[in-house]
Every structure is written in structure tokens, then in C-alpha cells.
Amino acid sequence: MRNAEVCAIFREMAAIMEILGEDPYRIRAYQRAVQNIENLPEDIAVIAARGELTKIPGIGKELARKIEEILATGTLQKYEELKRKVPPGLVELLQVPGIGPKTAKLLYERLGVKSLAELEQLAKEGKLKGLPGIGAKTEENIRRGIALLRSVEERRPLGLVLPLARAVVNLLREKAPVKRVDLAGSIRRFKETVGDVDILAASTRPEEVIKIFTTLPLVAEVLAQGPTKASVRTGDGLQIDLRVVPPESYGAALCYFTGSKAHNIRVRELAVKQGLKVNEYGVFRGEERIAGATEEEVYAAVGLPYIPPEIREDWGEIEAALEGRLPDLVELKDIKGDFHVHSKYSDGAATLEEIAAEARKLGLEWVAICDHSPALKVAGGLDAPTLLKKKEAIERFNAKSPDVKLLCGVEVDILLDGTLDYPNEVLAQLDVVVAAIHTGLRQSKEVQTKRLLAAAANPYVHAIAHPTGRLLGEREPYELDLEAVFTAAARTGTWLEINAYYKRLDLNDINARAAAARGVEFTIGTDAHLLEQMEFLELGVGVARRAWLTREKVINTLSYEELLARLRAKKEVLGE
DNA sequence: GCCGTTTTCGGCCCGACTGTTTTCAGTCG
């Protein structure tokens, strides 16, 4: 994939043009192109080879030509020219919170600042204040902005932030004079990582709400505070923003703060064409507010049906909504089972009984117990005799359990040559076979693809677990021809897993959507090794919804009896 | 630089907070 390479160049060009003070709409065109290219499920070089670059939204003739130049030469004439106009370190100044293009330019022209390091030095020495528009406070903010940039400031996995975010919402519901409080922003859209937490409240006494928020015990620092809006930072550096609006504006504000920004812009453009104005207070015709209390009302006012938060990304949902073909997305309450849980038999912490009890608590009907195979010695992979003992134990459990049923499964390793870590005679005796790569992660694209294709072709393999192997913030996906994998999965009736463990979320939203378009069906598995990790199921559902999946595409919506029938079907299609 | 039911030119989403300034530019989301 060369998408990141193209994006890096366009992104830096936009930053340089900002510093140079060039046409903001041209800059936005580059930024919009970056956003759209980043979200492509396909290699841009392949799209270019088909001559379809201008089919990408925001890519016209000129940017298409530039992309082709980058693909052919590895760089871009115009980019090289721009770089010569601005010292290399100046662009990185834009990463400091509070420093935009104007300030960066000012710092360079008046003080000769050419890098983050130089800026840090001057800020420490107190030499920034006195510049036009920069006083002692701005200087202090710049100092702290740099320190923050240096410390962590990365996006965090959604699964880590969600419990804290919900706790803050609950605190506000208890303590503050609010009519409503909800999470908004990327958390509400179930994006896999979170930059900061956005919370929205409806109240007729906003200043009291803000006061209570900024004095919560978990607040380490108040970054900004006005009568209706505040930003704070927690002890471990997480930023939380709260906005308070009047109840009659709550729906409009919830739309506004849920985003995505790209989605909001499209909605506002639609409104403008109809002579309307949309902001966080409502939908307006002239001075008159014609909608705003609920999100449904806001969408209806601009001629759209309600669009679920998870797909508000400007990935085609506006067009789909206008044409009345929005998907009926799968919901957490549709999910009847967890397809991938580890037990004490391998490296899980819980017994069969404990897992079943947790499933009952979560309202599930079935759980596939998928422990590791022998090759994964570190994870206590089971030898075949032990596996058969597990099968008997599960049968005994099921005989006594009228509601929750367990399925005897494995997460069998796909070995380097594409063969599986159990012989087919063993696999044939199991309810569920999930195959996965855990070793040999650095093989070539050809080898990795062959391994997955071989696994998919096995008549006993029901699903491929965490197909790309990525770990959020820790490990890149391994090299893979995803198109080939999707095609093979569709042809063989092999399901692809949406692994719901918070660090994996693999397949991700974009890839799952591309796979679904190829006719692939999906399993959702938490890969839980501890009981409480079974709650990650909702993260998997979030990915599925972001991938536009309906319940028909998700195997977990089947009842136990329906599932057993489907599990047998693959053997009959491809079996001996 | 993109784009088109205001279509090949002339538009391009909207408002809050900060810090500095005496009415607003810059930044952010």
C-alpha cells in the first residue's frame, strides 16, 4: 500500500501552504484528499493503474496527476519546490497545541525559529513574549504544549477510554443540573482510537454544570473554561471536553459534536442548498429555528433520514441516505453468542462454568470455546488428547445447561507452510474451527497470503481469526493481499473474524466493509482471556456497524440451533 | 484545488474560547 506515502506528502504540502498563507480553499482541498485516501481500503497504486483516481471524492484532474507523479517518481516536483520555501523544522511547530500557521510564521520571521527544539529553548528563556500578540500567558502555553507533545499525546484505544468516559457522564448525571448528558465525538462513533473525550449536556444552568465538571476529582488541569464550554485534562493526560447547550438545541448539538467533521460539512452543504443554516443550536431558516431538539428532527429538516453515529464519516452515508438505501445496522442486542473465548484449557483464566455464567449475565445464548493449538506453546496449546477431553467436558456441561450452550472449538495455528496445527481427523470432531496466524509475522506478502488462502480452503475451517494481526499502537498488520483473502473467503464460505479485543479490532471497519462488498460474512469474537474481557463484544459490534454490516452478515446473530446448522454447512460444501 | 438541480466560474460550514487587544485575530473542533 502506497496510500500513506501519498498522504504524507499532501499533508506536509498543506502545512507548508498554511505557513505561506496560500489560498485556504486550496489547502482544504489537499487536506480533504488526504482524508479520503487514508480511508481507502485499496492500494492507491492499483486504483491509479485502473485510471480511476478521479473517482475518489476530492480528487480532481490536478491531484490525480500529482498522485501519478508520486507513484512514478517517489516524490513530487511541486512538493520539492514548496519544501525549499520553508525551513524543514517549521512544519513540526504546527503540531504544538495553540500554534497555528500564523504563529509559526511569526516565530520564524521575528526570531528565526526553525525547529521544535529551538522553540522550546526560546520559550524556556522567556524570549517569546513581547512579539505581537504573544504575552506571558501564550509563552507559557507554548512551553506546556511542547512538553505535552513530548510526553505521550497519541490516540488511545477506545476500549481503554470508554469506561472512564462513561464514568464521567454518570457523575454529571448524578451531580449536575442537567436534563441530558451523552458522549459525543469519535467515542460515540465507536472509532477504534480516541484522541479526546467529547461530552455534551443539556441544561438551563450551564455555568453550574461547567463548574461541577471542572472540579471533578479526576480533573488534574483546566485547559479552558467559558460559560458553556470547558476542556480539562486528567492525571494521565486524557483531554475531556464538555459543551452545555439549551435543551431545545440538544439534538443539533449532539449532531454537531458527534461529527465526524467531514459528515457535518456535508450536512451543512445540503442545508445551504435548501436555504437553511445548520449550527449547534439548530436548523435555521433566516432567524427562525425549524429543528434542533432531537437528531432525528435535524436530519429530517435537511431532507435526510436518521443516520447512525457509527457511519457518520462521509464514506457514502449521505448519498445512501438521500437514496433511501441506508443499511439496517446490526445491534448489540442482536448478538446471541461470542465466537472466540479462551478457557483454562489453554491460556484463559476462566473455567467452562464461569464463562457460561458470564455469558448468561451478558444475555448470550452460546459461546465458542476456542483454545490454542500445540504450536503456541507459550499459550498452553492443547494436544489432541486433551482437546478431546475438553470436548467431553463441554458435552457434559451442555447436557446440564438448558439455556447457555458452549461449543467445542479451537483457535488453530496456521503454520508457515499454510498447513494447520491439528490434522483434519481432529478438526472434524470439533464444533468450531477458527484458524489464525500467531507466528512468522514477518513473512512476505506472498507467503502470508498463501497461508490464509490455504486455511480458507480447508473444509473444516469455519473462520479466520484476527486476519491482519495488527495490534493498535503496538504492531502493524502483516503484509497481505487482502483482496485475494476476501475473494477466497467469499468463495469458500469462510467467515472472517472481527476480533473485538480492544487492541485488535481486526478486521477493522474499512477492511470489513470492503470484505462485505465481496460477499464475505463475519464472526465477532472477543478473544477473551479473562471473564471481564467478554464485555468487549460491544467494541466488535461497533466495528461491524462502522463497516455498514447488517445482522444477516454477522454469524453471531444466529441462535444456537441455526449456528450448528451453518457450522455443518461448510463441511458439506467443501468436504470430502 | 474541487465541483456542479445557483454547472465551467465562483463559490467553498460554523461558532466558542483565549489572549491580546480596545474591537479582534488566531486557533480549535
Side-chain angles (χ1 to χ4, degrees), chain A residues 10 13-14 17-19 21-36 53-67 76 78 93-107 128-142 144-145 184-186 189 195-200 206 210 214 222-232 239-245 249 252-253 255-284 302-303 314 318 322:
Chain A
F10 283 175
M13 287 174 76
M17 288 189 287
E18 278 197 308
I19 292 171
E22 293 195 6
D23 177 13
Y25 292 109
R26 172 175 297 184
I27 293 166
R28 211 176 80 191
Y30 277 80
Q31 290 167 336
R32 176 146 186 261
V34 167
Q35 194 207 342
N36 287 319
L53 286 174
T54 54
K55 286 192 179 174
I56 302 169
I59 306 293
K61 257 175 96 173
E62 185 51 32
L63 283 178
R65 191 200 63 70
K66 288 188 164 74
I67 291 167
L76 185 65
K78 174 89 185 291
L93 298 190
L94 297 182
Q95 294 168 16
V96 180
I99 294 189
K102 294 292 192 320
T103 309
K105 195 171 177 216
L106 177 81
L107 290 167
L128 301 182
K129 56 179 176 285
L131 289 177
I134 295 183
K137 251 193 165 150
T138 300
E139 182 174 77
E140 171 64 11
N141 284 341
I142 288 175
R144 287 157 38 145
S186 59
R189 303 199 311 278
D196 56 23
V197 176
D198 292 302
I199 300 176
L200 180 70
I210 293 290
T214 54
V222 178
L223 300 171
Q225 182 171 358
T228 65
K229 189 177 165 181
S231 292
V232 303
Q239 184 173 329
I240 307 179
D241 297 339
L242 172 69
R243 180 73 181 265
V244 188
V245 298
S249 295
C255 283
Y256 180 83
F257 292 106
T258 296
S260 68
K261 191 172 175 180
H263 173 90
N264 286 348
I265 287 173
R266 292 294 308 279
V267 171
R268 288 201 191 129
E269 285 171 354
L270 270 184
V272 168
K273 282 182 186 145
Q274 298 165 57
L276 303 172
K277 182 180 75 168
V278 176
N279 59 26
E280 58 262 56
Y281 299 109
V283 182
F284 295 86
V302 297
D314 192 21
I318 302 283
L322 286 170

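Numbers restart at 1 for each chain; the letters A, B, ... are given by sequence-line order, proteins then strands.
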Trainee: Side chains of A:K229 and A:D241: closer than 4.5 Å at any heavy-atom pair?
Mentor: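 A side-chain contact is absent here, since even the closest heavy-atom pair is not under 4.5 Å.
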
Trainee: Find the distance between CD1 (A:I199) and CD1 (A:I240) and round it off to the nearest 0.5 Å.
Mentor: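 CD1 of A:I240 is found 5.5 Å from CD1 of A:I199.
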
Trainee: Can you tell me how far C1' in B:dG11 sits from the matching atom in B:dA16, rounded to whole Å?
Mentor: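 My reading of the C1' atoms in B:dG11 and B:dA16 gives 26 Å.
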
Trainee: Across all strands, who's sitting opposite B:dT8 as a Watson-Crick or G-U wobble pair, both distances under 3.5 Å?
Mentor: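 Here B:dT8 is not engaged in any pair, so there is no nucleotide opposite it.
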
Trainee: Which is true for A:K105 with a 4.0 Å heavy-atom rule: it touches a base, it touches only sugar-phosphate, or it touches nothing?
Mentor: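 The residue A:K105 makes no contact with any strand.
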
Trainee: State whether A:S231 places a side-chain N or O below 4.0 Å from either non-bridging phosphate oxygen (OP1 or OP2) of B:dC17.
Mentor: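 The answer is no; no side-chain N or O of A:S231 sits under 4.0 Å from OP1 or OP2.
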
Trainee: Kindly give the atom pairs (protein nitrogen or oxygen, nucleotide nitrogen or oxygen) under 3.5 Å for nucleotides 3-9 of chain B.
Mentor:
{"residue": "B:dC3", "atom": "OP1", "partner": "A:G58", "partner atom": "N", "Å": "2.9"}

Trainee: Using atom C1' of each nucleotide, how far apart are B:dT8 and B:dG1 to the nearest Å?
Mentor: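 Result for the C1' pair: 14 Å, nearest Å.
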
Trainee: Looking at B:dC2, B:dC17, B:dG26, which one has an atom nearest to any side-chain atom of A:T103?
Mentor: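 Out of B:dC2, B:dC17, B:dG26, the nucleotide with an atom closest to A:T103's side chain is B:dG26.
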
Trainee: Stepwise, does the side-chain contact (heavy atoms from CB on, under 4.5 Å) test hold for A:I318 with A:H263?
Mentor: CA-CA 8 Å; A:I318 302 283; A:H263 173 90; 3.8 Å; yes

Trainee: If you compare every side-chain N and O of A:K277 against the phosphate oxygens of B:dG15 (OP1, OP2), does one of them come in below 4.0 Å?
Mentor: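 The answer is yes; a side-chain N or O of A:K277 sits under 4.0 Å from OP1 or OP2.
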
Trainee: Quick one: A:D241 CG to B:dA16 P, roughly how many Å, whole number?
Mentor: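 Atom-to-atom, A:D241 to B:dA16, this comes out as 15 Å.
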
Trainee: Map A:G133 and A:K229 onto DNA chain B by nearest heavy atom, then report which one ends up closer to the 5' terminus.
Mentor: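 Of the two residues, A:K229 wins.
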
Trainee: Round to the nearest Å and state the distance from A:K102 atom NZ to B:dC24 atom C1'.
Mentor: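 Computing the A:K102:NZ to B:dC24:C1' distance gives 13 Å.
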
Trainee: Of the options B:dG29, B:dA16, B:dG1, whose atoms approach the side-chain atoms of A:D196 most closely?
Mentor: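 Per side-chain heavy atoms of A:D196, the pick is B:dG29.
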
Trainee: With sugar-phosphate meaning primed atoms plus P, OP1 and OP2, does A:K66 contact a base, only sugar-phosphate, or nothing at under 4.0 Å between heavy atoms?
Mentor: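 It contacts sugar-phosphate atoms only.
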
Trainee: What does A:V267 touch in the nucleic acid at a heavy-atom separation under 4.0 angstrom: a base, only the sugar-phosphate, or nothing?
Mentor: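 If one applies the 4.0 Å heavy-atom cut-off, A:V267 turns out to touch nothing in the nucleic acid.
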
Trainee: If you compare every side-chain N and O of A:Y25 against the phosphate oxygens of B:dG1 (OP1, OP2), does one of them come in below 4.0 Å?
Mentor: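 For A:Y25, the contact criterion (side-chain N or O under 4.0 Å from OP1 or OP2 of B:dG1) is not met.
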
Trainee: Given B:dG15, B:dT18, B:dG29, which nucleotide is nearest the side-chain atoms of A:N279?
Mentor: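 Among the listed nucleotides, the one closest to the side chain of A:N279 is B:dG15.
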
Trainee: Within a strict 4.5 Å, meaning less than it, do heavy atoms of the A:V244 and A:I210 side chains meet?
Mentor: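 Side-chain contact under 4.5 Å: yes.
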
Trainee: Is A:T138 near enough to B:dT20 that one of its side-chain N or O atoms lies under 4.0 angstrom from OP1 or OP2?
Mentor: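 Checking A:T138 against B:dT20: at least one side-chain N or O falls below 4.0 Å of OP1 or OP2.
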
Trainee: Taking atom C1' in both B:dA25 and B:dT20, what distance in whole Å separates the two?
Mentor: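 Pairwise C1' distance, B:dA25 against B:dT20, rounds to 9 Å.
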
Trainee: Name the residue closer to the 5' end of DNA chain B, choosing between A:Y256 and A:P227 according to the nucleotide with the nearest heavy atom.
Mentor: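 By nearest-heavy-atom nucleotide position, the 5'-most residue is A:P227.
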
Trainee: Between A:K66 and A:E62, does at least one N-O distance fall below 4.0 Å, as a salt bridge requires?
Mentor: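 Salt bridge present between A:K66 and A:E62.
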
Trainee: Between A:I142 (CD1) and B:dG19 (C1'), how many Å, whole number?
Mentor: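 Nearest whole value for this atom pair: 11 Å.
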
Trainee: Scan A:D23 against the nucleic acid and name what it touches under 4.0 Å (heavy atoms): base, sugar-phosphate only, or nothing.
Mentor: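 It contacts base atoms.
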
Trainee: Within less than 4.0 Å of OP1 or OP2 of B:dG1, is there a side-chain N or O belonging to A:K78?
Mentor: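 Yes, such a contact exists.
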
Trainee: Scan A:R28 against the nucleic acid and name what it touches under 4.0 Å (heavy atoms): base, sugar-phosphate only, or nothing.
Mentor: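 Touches a base.
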
Trainee: Rounded to whole angstrom, note down the C1' distance from B:dT21 over to B:dG26.
Mentor: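 Straight-line distance between the two C1' atoms is 12 Å.
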
Trainee: Contact class for A:P24 vs. all strands (heavy atom < 4.0 Å): base, sugar-phosphate, or nothing?
Mentor: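 Here A:P24 touches no strand at all.
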
Trainee: Find the distance A:R243:CZ to B:dC28:C1' and express it as a whole number of Å.
Mentor: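 Answer to the nearest Å: 12 Å.
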
Trainee: Starting at atom CG of A:L106, determine the distance to atom C1' of B:dG19, rounded to an integer number of angstrom.
Mentor: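 So the CG-C1' distance, A:L106 to B:dG19, works out to 14 Å.
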
Trainee: Could you measure between the two C1' atoms, the one in B:dC12 and the one in B:dT6, and give it in whole Å?
Mentor: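 Here B:dC12 and B:dT6 have their C1' atoms 13 Å from each other.
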
Trainee: Say you draw a straight line from OG1 of A:T103 to CD1 of A:I19; how long is it, rounded to the nearest 0.5 Å?
Mentor: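 A:T103 OG1 to A:I19 CD1: 10.5 Å, rounded to 0.5 Å.
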
Trainee: For the side chain of A:E280 and the backbone of A:Y256, is there at least one donor-acceptor N/O pair under 3.5 Å apart?
Mentor: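 No.
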
Trainee: Does A:K137 reach a base, just sugar-phosphate, or nothing at all? Heavy atoms under 4.0 Å.
Mentor: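 Here A:K137 touches the backbone only, sparing every base.
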
Trainee: Pick base, sugar-phosphate or nothing for A:V244, based on heavy-atom distances below 4.0 Å to the nucleic acid.
Mentor: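 Nothing, no heavy atom under 4.0 Å.
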
Trainee: Look at the side chain of A:Y281 against the base of B:dG15 and say whether a donor-acceptor pair falls under 3.5 Å; ignore hydrogens and angles.
Mentor: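 No.
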
Trainee: Using a 4.0 Å heavy-atom cut-off across all strands, classify A:F257 as base, sugar-phosphate, or nothing.
Mentor: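 No contact.
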
Trainee: Determine, for A:E140 against A:K137, whether the closest basic-nitrogen to carboxylate-oxygen distance falls under 4.0 angstrom.
Mentor: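 No, no charged N to carboxylate O under 4.0 Å.
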
Trainee: Quantified in whole Å, what is the C1' atom distance between nucleotide B:dG15 and nucleotide B:dG10?
Mentor: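 After rounding to an integer number of Å, I get 25 Å for this pair.
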
Trainee: Using a 4.0 Å heavy-atom cut-off across all strands, classify A:A230 as base, sugar-phosphate, or nothing.
Mentor: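 Contact class for A:A230: none.
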
Trainee: Compare side-chain N and O positions of A:N141 against OP1 and OP2 of B:dG19 and report whether any pair is under 4.0 Å apart.
Mentor: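 Affirmative; the distance criterion is met.
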
Trainee: Mind calculating the distance between CD (A:E280) and P (B:dG15) to the nearest angstrom?
Mentor: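 To the nearest whole Å, that distance equals 7 Å.
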
Trainee: Write down the distance between CD (A:E18) and P (B:dG1), rounded to a whole number of angstrom.
Mentor: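 Going from CD in A:E18 over to P in B:dG1 covers 15 Å.
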
Trainee: Within the 4.5 Å heavy-atom criterion, are A:P57 and A:R32 side-chain neighbours or not?
Mentor: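 Heavy-atom side-chain distance check passes, below 4.5 Å.
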
Trainee: Show the numbers, then the answer: is there a side-chain contact (heavy atoms from CB on, under 4.5 Å) between A:L131 and A:T138?
Mentor: CA-CA 10 Å; A:L131 289 177; A:T138 300; over 6 Å; no

Trainee: Over all strands shown, is A:P132 touching base, sugar-phosphate only, or nothing at heavy-atom distances under 4.0 angstrom?
Mentor: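 Nothing, no nucleic acid heavy atom in range.
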
Trainee: Determine whether A:I99 and A:I142 satisfy the following criterion, side-chain contact (heavy atoms from CB on, under 4.5 Å), listing intermediate values before the conclusion.
Mentor: CA-CA 7 Å; A:I99 294 189; A:I142 288 175; 4.1 Å; yes

Trainee: Round to a whole Å and report the spacing from CG of A:L270 to P of B:dC14.
Mentor: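 Atom-to-atom, A:L270 to B:dC14, this comes out as 12 Å.
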
